[in-house]
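For clarity, every value in this text was computed on a predicted model and none was experimentally measured. Every chain is numbered from 1 and lettered A, B, ... according to where its sequence line falls, protein lines coming before strand lines.
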Amino acid sequence: MAEYKKDPKKNTIAALVSNKSGVLTRISGLFARRGYNIESLTVCATEDPELSRMTIVLIGDEYTLYQMIKQMDKLDDVKKIGCADELDCVYRELLLVKVPATAEVRSQIVEIKEIYKAKVVDLSVDTMILELTGIPTKLDAFIKVIEPYGIIEMQRTGLTVLARGRHTLKDRDCYGDNI
Amino acid sequence: MKMKGADILINCLLEQGVDTIFGYPGGTVLDIYDALYRNGKINHILTAHEQGAAHAADGYARVTGKTGVCFATSGPGATNLVTGIATAYMDSIPMVAITGNVGLSLLGRDSFQEIDICGITMPITKHNFIVKDVKELADVVRKAFYIASSGRKGPVLIDILKNVQTEECEYEPAKPERYKALPVKKEKLEPAIAAINESKKPLIIAGGGIISSNSSSLLKELYEGIGCPVVYTLMGKGCIPEDDRHCLGMLGMHGTVAAAKALMNADTIIALGTRFSDRVALNREMFAKNKTVIHIDIDNAEIDKNVRADIHVMGDMYEALKTLIPELNKVQRAEWLDEAAAWKAEEKLKKDTNLLAYKIISAASKLAPKDIPVVTDVGQHQMWTAQHYHVNKPRLFCSSGGLGTMGYGLGAAIGACFGTGKPAVLVTGDGCFNMNLNELSTVVTQGTPIAILLMDNGVLGMVRQWQKIFYGRRFSQTTLNKKTDYVKFAESFGAKGLKIENEDDVEPVLKEAFEYIQKGEGPVLVDCRISPDENVLPMIKPGATYDTQLLKMEEN
Ligand SMILES: Cc1ncc(C[n+]2csc(CCOP(=O)(O)OP(=O)(O)O)c2C)c(N)n1
């Protein structure tokens, strides 16, 4: 009997859910009720107007991960669900960060931006907004470097994910398909 | 055909074969009640309180296997259903609760009796709907019944805005879509088959899933085929006849000694439709240590939730057993069965038969009309009933297992009577009875033949028992000190009132009570005056292991 791994780690869950009001409440209510610790959650429209797609980053051990997937899977509004980490996926997150950009520091910031291939999307007399897309750890690293200049405001979108190649979430087996 | 929403609702209920509804009218369901009146084909039971209606729908569902239905108005009517819905949710009982709500033009403005009942019931329903457009109504009702009665069953709520009830739209009759469980393939059962065939001392734990999937006959084939003992959980009571030599009684905190011994000595556990709750797997880690656990359940999320299964099979119980049984070696594990039978016999001899509560409940079990439902409330009397009342067929025992709802009993007994068309026995406590005794008026009005055995110990017995064990006999707020004369109380409501004060009263009074309910004239309440210090034993403390079962009270 293989035991569940007890060490907590980050897990990425992708789900297709009905595109209706109240669905987000239903799902976030489930997390709160069962004490799941969510790091990020993104929801967006999909190519199918009936469905939205969610990407959830959960911090927890293997037991929590499987429980969360199974409990979500039982909701009528959850149509497909899977753990993204089981497949080869492209992970992306977008960051917007506003930093002071007075004449003294502007060139230094621009230099950092070049290295990270970030973009300047707004520039005022004394501020600058930078945009960076990449895997979350790249964003983390960028923030660390930029932090000493003073972050005025920032926003991350949370993780989004798609499996490489022909795999789609829609093809996945679901709990309901088996009973 | 063009129809008003309220009429579409009634027609959709008829499509589903609904014959009885429990409910209570009010402002936002007036149109629905009007449609019900004009239609005249559905029997509606007006309860005293919406909670009673929800419990009645639950009791009806437990005894019939059909989906129970209740109605309530918006606001307080809807919130009064909440405990009943939660009770059904915890015990996986199929129910459709229908509430009205204010019209669309008033929604979201804190209008009179407006409440977000969908928000409130989200965690205690399988699913819920708010219907804002009459065009969606018929499909929502059909879907609600499908969800309630498919897979792991449970309650569904439909909140219908007032304007939807009066607006018209086209109604097309439709045949109800019935849930058809998928067959469970042999390949999926292969590991379970091998493990059972190899096992020397298998033990079956039969849960509520056996009852909700109507698998009792297959369970019998299974335990007779592989010659092994069976224990049941509170929710599984009735899935095996108590006198069957394979049956060792209930497993759990207040389960039998024989069940505990069998659990400790078994090498393989075959858990069927049970979720290893903390009242059964009191200590999750130790519960099945060094045993092979085979877990069959319809709910994927139950697998490995509380107790880790070595082998799991997800699927409908009936389908799983149908595939499983022919693959198993037919062997009589005679030595193991004899060992188990000896534990059962020994326990019977040692039973403390001096307690009046025991005498009353075991006499009721013998004297009550055959094959009528027995319903309990929550507390010591519930456990005594589970221990000593023989329920030999499925769907004849109703008890709030998961939520442990005091006040469940009387409402559920009403539902059980209407569901079976037979009299019912209710075993309640004086604490529980006082929670929903208003429904005695319903029972009298309806002439429902219920024998209410009120285990009147003057205390909140179960809590008091814990205060004895864990709180140094500090009886904080568990002595009731009520001055109610329950016989007069019953009579003032129009019911018959009787009293048992000592051993000699037991037989004659119970006989009188049961004769009375068989006449079908209405309810009888028997005030059973028992001592405040009768305890429920055996007992295993929360979190403890089965080898620490207490047979005597151990007080602090
Ligand atoms: C609604 C509700 N409130 C409180 C409890 C906690 N509780 C469990 S058993 C019990 C005592 C029940 O007393 P009584 O009905 O007299 O039955 P007895 O245990 O004496 O047989 C209480 C208060 C509960 N289960 N449900």
Side-chain angles (χ1 to χ4, degrees), chain A residues 1-6 11 13 15-36 38 49-51 54 56 58 60-83 86 172-179, chain B residues 116 118-130 132 136 140 143-144 146-148 150-152 154 156 159 179-185 188 191 213 284-285 288-293 297-320:
Chain A
M1 177 174 74
E3 285 294 329
Y4 285 124
K5 292 194 199 82
K6 291 243 166 59
N11 304 284
I13 295 167
L16 286 172
V17 304
S18 5
N19 180 15
K20 281 193 297 205
S21 71
V23 176
L24 187 58
T25 324
R26 238 175 250 287
I27 291 170
S28 55
L30 177 72
F31 299 160
R33 193 153 78 235
R34 299 211 177 248
Y36 303 142
I38 300 301
E50 306 261 296
L51 295 175
M54 271 187 189
I56 302 156
L58 162 83
D61 57 12
E62 218 177 5
Y63 169 82
T64 314
L65 170 70
Y66 288 133
Q67 261 298 305
M68 176 161 150
I69 292 179
K70 287 169 170 185
Q71 293 293 353
M72 275 185 70
D73 203 6
K74 288 203 291 178
L75 297 178
D76 191 68
D77 285 321
V78 174
K79 304 302 175 193
K80 290 284 166 176
I81 183 163
C83 179
E86 287 164 4
R172 285 217 162 189
D173 239 21
C174 245
Y175 159 66
D177 306 341
N178 290 310
I179 53 170
Chain B
D116 173 19
C118 278
I120 291 174
T121 57
M122 227 169 241
I124 52 164
T125 49
K126 264 187 91 175
H127 193 62
N128 59 22
F129 299 91
I130 177 162
K132 298 180 183 172
E136 292 171 2
V140 163
K143 198 164 172 214
Y146 183 79
I147 294 174
S150 61
R152 179 176 181 174
V156 177
D159 195 26
Y179 166 67
K180 185 86 189 65
L182 294 179
V184 176
K185 293 197 192 81
K188 278 181 40 181
S213 62
R284 291 197 297 266
E285 264 76 51
K289 212 172 170 101
N290 304 325
K291 300 176 199 303
T292 305
V293 176
D297 203 277
I298 194 158
D299 183 355
N300 192 18
E302 288 305 341
I303 309 286
D304 291 346
K305 188 181 81 178
N306 292 336
V307 168
R308 189 92 164 89
D310 301 275
I311 297 166
H312 70 258
V313 180
M314 189 182 80
D316 177 77
M317 185 58 62
Y318 193 90
E319 291 296 333

Chain A contacts, top residue of B/A320, B/C118, B/P123, B/G119 (heavy-atom pairs, under 4.5 Å): B/P123
Go through B/D316, B/I311, B/N300, B/I130 and name the one with the most non-hydrogen pairs under 4.5 angstrom from chain A.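 Of B/D316, B/I311, B/N300, B/I130, B/N300 has the most heavy-atom pairs under 4.5 Å with chain A.
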Contact class of A/Y63 relative to chain B, heavy atoms under 4.5 angstrom: side chain
Side chain / backbone / both / neither for A/R26 at chain B, heavy atoms under 4.5 Å: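 Contact with chain B: backbone and side chain both.
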With distance as the sole test, does A/K74 use its side chain to make a donor-acceptor pair with the main-chain N or O of B/R152 at under 3.5 Å? no
Is a side-chain N or O of A/Q67 found less than 3.5 angstrom from the main chain of B/A301, in a donor-acceptor match?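 Yes: the side chain of A/Q67 pairs with the backbone of B/A301.
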From A/S28 OG over to B/M122 CE, what is the distance, rounded to the nearest 0.5 angstrom? 8.5 Å
Around A/Y36, counting heavy atoms of other residues, nucleotides and ligands shown, do more than 12 lie under 6.0 Å from its OH?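 It does: A/Y36 OH has more than 12 such atoms within range.
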Might you confirm whether atom CZ of B/R284 has over 12 heavy atoms from other residues, nucleotides or ligands at distances under 6.0 Å? no
Contact origin within B/I298 toward chain A - heavy atom pairs under 4.5 Å: both
What part of B/I303 is in contact with chain A, defined as an atom under 4.5 angstrom from a non-hydrogen atom: side chain, backbone, both or neither?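 For B/I303, heavy atoms of backbone and side chain both lie under 4.5 Å from chain A.
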With side chain to side chain contact (heavy atoms under 4.5 Å, CB included) as the test, would you mind laying out the steps for B/M314 and A/K70 before giving the verdict? CA-CA 12 Å; B/M314 189 182 80; A/K70 287 169 170 185; over 6 Å; no
Please tell me if the side chains of B/H127 and A/D77 come closer than 4.5 Å, counting only heavy atoms from C-beta onward.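 B/H127 vs A/D77: side chains touch.
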B/K143 and A/D76 ion-paired at < 4.0 Å: yes
